[in-house]
Amino acid sequence: MINEERLWGRLQLLSEIGKTDSDGVTRLSFTPEERAAKDLVAAFMREAGLQVLEDEVGNLIGRKEGVNPDAPVVLTGSHIDSVFNGGNFDGPLGVLSAVEALQVMNEQGIETEHPIEVIAFTDEEGARFSFGMIGSRGIAGTLTQEELLNKDKQGISIADAFVANGLEPEAIGKAARKPEEVKAYVELHIEQGKVLEGQNLSAGIVSGLAGPLWLKFILEGEVGHAGATPMSIRHDALTTAARIMLVIEEEAAKTGTTVGTVGQVQVQPGGINIIPGRVEFSLDLRDISEVVRDEVEAKIRVQAEQICRNQGVKLTIEDLQRVAPAPCSDIVKNAAKDAFDTLGLESNYLPSGAGHDGMQLMDLCPMGMIFIRSKNGISHDPAEWSSKEDCRDGANILYHTVLSLAVQKVNITTN
Ligand SMILES: [Zn+2]
């Protein structure tokens, strides 16, 4: 069993770094706040008896050696960067629970066949450079020099930030792991939704991570005087966009699993007495099944074209991002299920609507996640909250899951 007080105390200590006026945290990657957070977590890792290092993409790593040091490593962890004025649990829970789990193993003299590493991944959130999961991309070996050119609002690129923090952009390839070197990855995280709360469960097993598809719709109609243009001859780009948005809502809802969101709309010229001539809006469409998601997309496209033809509006749809959903691996899901059973906790499966580092590791190793309940489903906000008891349950589940993936060695003593 993990030490609940120690875990909770560390969560509180970490929440002091980058604390905002509203009791949230702002810890963007490669800032003094993020550095201080890494130093604190490194100190916790040393207290836990782990070897501490940072790799070529800035991932902070704490390693517990295996009985067989050459056996593929079991990875666990999360991130300690945050969004602007975010919460105290998104990320830190997974890192600190993993440190806690390994500390308890060391205190109890538990040895495992496989080495275990806790990783605090560099920049999961993408809040600074609008490009996230930098550390996990580095470990997966998919991070490119071109991606390091993404810039923050001050014009500082990821490559610049690397150099300012003593990292060499040319060396990112050295952080990459090979599939034969990694047994599995498991991460504990807050749900950031209301499913577990609705089921009255402290924790659940993630079935898969929904991949976001981002599209940009561009509608070109005809500008006209709001007073002088009769309704019958208008080509209003905004009312046409509204019809498409209703189709998006309807088609996503029909599946029961797909979620579709229009979060950005730009209307031009934007005058109170001018018929909108041009509208751009975004679509974020997600499902843990790529087939289902793509079917919904196809239905939206067909109907959007039909609507635009009827309204005499020109339609262009641009692909902004197409991320494949990541199903969680049976190896990890089964290890987690055994952990729930060992602890006498009821288990249930739920999808993750949000993206996480595990998505980047999908092609490297078997990957899975465990969620704990989020109060009111709120995250990326100072009001983000999970109870001490739920954090304890999550950390205990992680402990048993990691132990079974790393294969506990049984000491047979003969008298
Ligand atoms: Zn997170």
Side-chain angles (χ1 to χ4, degrees), residues 7 10-11 14-15 17-18 20 24-31 33-34 37-38 41 57-60 75-99 118-140 185-196 203-206 208-212 284 286 288 323 325-326 328 350-362 367-386 390-391 394-395 397-398:
L7 171 61
R10 285 175 176 169
L11 277 164
L14 186 50
S15 75
I17 300 177
T20 61
V25 287
T26 301
R27 279 196 304 264
L28 304 187
S29 60
F30 299 115
T31 58
E33 293 77 26
E34 193 231 19
K38 275 182 174 167
V41 173
V57 293
N59 292 314
L60 172 66
L75 302 179
T76 178
S78 190
H79 60 95
I80 52 175
D81 72 309
S82 78
V83 297
F84 290 97
N85 202 23
N88 291 324
F89 297 86
D90 177 356
L93 174 75
V95 174
L96 297 177
S97 296
V99 171
V118 181
I119 307 186
F121 288 106
T122 298
D123 199 335
E124 189 272 346
E125 295 286 6
R128 178 170 174 190
F129 300 101
S130 299
F131 180 81
M133 306 189 195
I134 295 173
S136 47
R137 289 176 204 265
I139 286 196
Y185 173 70
V186 59
E187 174 171 349
L188 175 68
H189 203 278
I190 56 167
E191 183 200 334
Q192 305 177 274
K194 297 181 183 178
V195 174
L196 291 169
I205 302 166
V206 177
L209 281 62
D284 175 312
R286 302 180 191 216
I288 60 164
V323 179
C328 290
L350 73 165
S352 170
H356 295 284
D357 285 306
M359 299 179 83
Q360 301 299 330
L361 305 179
M362 177 173 77
M367 171 281 294
M369 293 186 76
I370 299 150
F371 276 170
I372 63 163
R373 176 164 46 188
S374 294
K375 188 179 179 191
N376 299 324
I378 296 170
S379 79
H380 288 186
D381 186 280
E384 180 179 288
W385 178 260
S386 292
D390 289 356
C391 290
I397 294 161
L398 183 70

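Whatever order the structure lists them in is the order used to number ligands and atoms, beginning at 1.
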Any donor-acceptor pair under 3.5 Å linking the side chain of D81 with the backbone of E125?
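Here the side-chain-to-backbone pair exists.
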- prompt: Does the side chain of N85 come under 3.5 Å of the side chain of H380 through a donor N or O and an acceptor N or O?
  reply: no
* Asked: Do Q192 and S379 meet the criterion of a side-chain donor-acceptor pair at a distance under 3.5 Å?
  -> yes
Open item on the list: Any N/O/S atom, side chain or main chain, of D90 closer to the Zn ion (ligand 1) than 2.8 Å?
Closed with: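 Yes.
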Tell me, please, if H356 has any N/O/S atom, main chain or side chain, under 2.8 Å from the Zn ion (ligand 1)?
no
Nearest atoms (heavy-atom pairs only) where V95 meets V118: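 Here V95 and V118 meet closest at O-CG1, 3.8 Å.
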I'd like the atom name of the N/O/S atom in H189 lying closest to the Zn ion (ligand 1).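 When I compare the N, O and S atoms of H189, NE2 is nearest to the Zn ion (ligand 1).
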